[in-house]
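The next block holds one structure in the form of structure tokens; read it before the comments.
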Amino acid sequence: VFQPIKIRDDNEWLVEKKPDLIITCAYGQIIPSILLDTPKYKAINVHASLLPKLRGGAPIHWAIINGEKETGITTFLLNHEIDKGAIIGQQRMPILPEDNIGSMYDKLMAAGCDLVVDTVNRIASGDYTPIEQDNIDESTRVTQRALLALLAHGIDGNHQSQMEDAKKELELHLIRK
């Protein structure tokens, strides 16, 4: 596991290792070209939503806040934008009435492990066709301010007033933009 604070400044070690594949998860940084071009089989990411929906940070939180009935896991090829690479695989998962952020995290983590193994096997065998993501309205992308509001409220998915407060905070931020 290699997790530098600033990947653009601290990537020599990984380049020297000449990896066959790079896998990222919840990293939140744009991977520099040198790392995208280094692996034999590509660089991929696993994301806790059905991209392009809920692109960006805290997708599990937003699935609960938005009252989504399902979410899922996506594996995709990394490119020079956050969460916008071509999709390799997806697995859908229902959000049950009793689910909260913690329970969905646990379910999606297990599903994500399985999807990553499947994706790696498909890449190694050449049995995959990446699908470009559809464009979405970028104003729906999670903002740092909204994420901070979520964390301040301690939303667990079962408190309607907290969810409404977080939604209002997001709307106010988008209006101020």
Side-chain angles (χ1 to χ4, degrees), residues 1-63 71-90 101-102 104-106 108-124 126 128 130-155 166 169-170 173-174 176-177:
V1 174
F2 178 64
Q3 190 174 3
I5 295 171
K6 291 186 179 182
I7 191 68
R8 71 175 179 267
D9 298 333
D10 189 17
N11 58 46
E12 298 84 17
W13 178 87
L14 189 54
V15 171
E16 289 172 7
K17 295 293 181 193
K18 297 179 181 158
D20 288 337
L21 180 71
I22 292 174
I23 302 170
T24 64
C25 178
Y27 196 51
Q29 294 185 47
I30 294 176
I31 306 298
S33 294
I34 192 166
L35 289 178
L36 294 177
D37 297 338
T38 295
K40 176 180 177 181
Y41 292 110
K42 306 282 182 195
I44 64 170
N45 186 57
V46 58
H47 185 77
S49 80
L50 296 171
L51 290 173
K53 194 170 191 177
L54 300 177
R55 180 182 288 152
I60 299 169
H61 295 70
W62 286 107
T71 189
I73 293 288
T74 301
T75 53
F76 63 94
L77 295 172
L78 287 171
N79 63 13
H80 298 287
E81 298 180 271
I82 300 287
D83 299 336
K84 290 189 177 182
I87 293 170
I88 300 171
Q90 290 188 314
I101 292 166
M104 288 309 302
Y105 174 86
D106 292 344
L108 291 169
M109 183 175 57
C113 291
D114 293 340
L115 185 59
V116 166
V117 170
D118 178 66
T119 299
V120 169
N121 288 334
R122 290 174 57 204
I123 289 171
Y128 72 104
I131 300 168
E132 293 299 325
Q133 292 188 43
D134 296 331
N135 291 326
I136 62 166
D137 178 0
E138 288 297 319
S139 69
T140 62
R141 187 163 187 254
V142 176
T143 63
Q144 288 181 342
R145 182 180 178 91
L147 179 57
L148 290 173
L150 283 176
L151 296 174
H153 291 296
I155 293 172
E169 179 63 28
L170 177 59
H173 177 73
L174 293 174
R176 289 184 207 127
K177 253 173 102 174

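The structure displayed is predicted, hence computed values, not measured ones.
With rounding to the nearest 0.5 angstrom, the CD atom of Gln90 is 10.5 Å from the CZ atom of Phe76. One distance of note links CD1 of Ile31 with CD of Gln29; it measures 6.5 Å at 0.5 Å rounding. With rounding to the nearest 0.5 Å, the separation of CD1 in Ile22 from NZ in Lys40 is 14.5 Å. Remark: Lys42 NZ to Leu78 CG distance equals 11.0 Å, nearest 0.5 Å. A distance of 5.0 Å separates CD1 in Ile60 from CG in Leu108, rounded to the nearest 0.5 Å. Distance CG/Asp83 to OH/Tyr27: 14.0 Å, rounded to 0.5 Å.
For the pair Leu115 and Gly89, the tightest heavy-atom approach, listed with the atom from each and the gap, is CD2-O, 3.8 Å. The heavy-atom pair separating Gln133 from Gly85 by the smallest distance is NE2-O, 2.8 Å.
Judged by distance alone, with hydrogens and angles left aside, the side-chain atoms of His47 form a donor-acceptor pair with the main-chain N or O of Leu54 at under 3.5 Å. Judged by distance alone, with hydrogens and angles left aside, the side-chain atoms of Asn11 form a donor-acceptor pair with the main-chain N or O of Ile7 at under 3.5 Å.
When each of Thr75, Thr74, Asn79, Thr24 is paired with Asn45, the side-chain hydrogen bond (donor to acceptor under 3.5 Å, both in side chains) condition holds for Thr24 and for no other. Just one residue in the list Ile87, Thr119, Ile44 forms a side chain to side chain contact (heavy atoms under 4.5 Å, CB included) with Leu77, and that residue is Ile44.
Ser33 places a side-chain heavy atom less than 4.5 Å from the side chain of His80. Looking at Lys53 and Leu51, their side chains never come closer than 4.5 Å, going by heavy atoms from C-beta outward.
Applying the side chain to side chain donor-acceptor pair (under 3.5 Å) test to Thr38 and every residue at least two apart in sequence or in another chain returns nothing. Applying the side chain to side chain donor-acceptor pair (under 3.5 Å) criterion to Glu81, with sequence neighbours excluded, gives Lys84.
Atom OH of Tyr105 is surrounded by 12 or fewer heavy atoms from other residues, nucleotides or ligands within 6.0 Å. Counting heavy-atom neighbours within 6.0 Å of Ile34 CD1, excluding the residue itself, gives a total of 12 or less.
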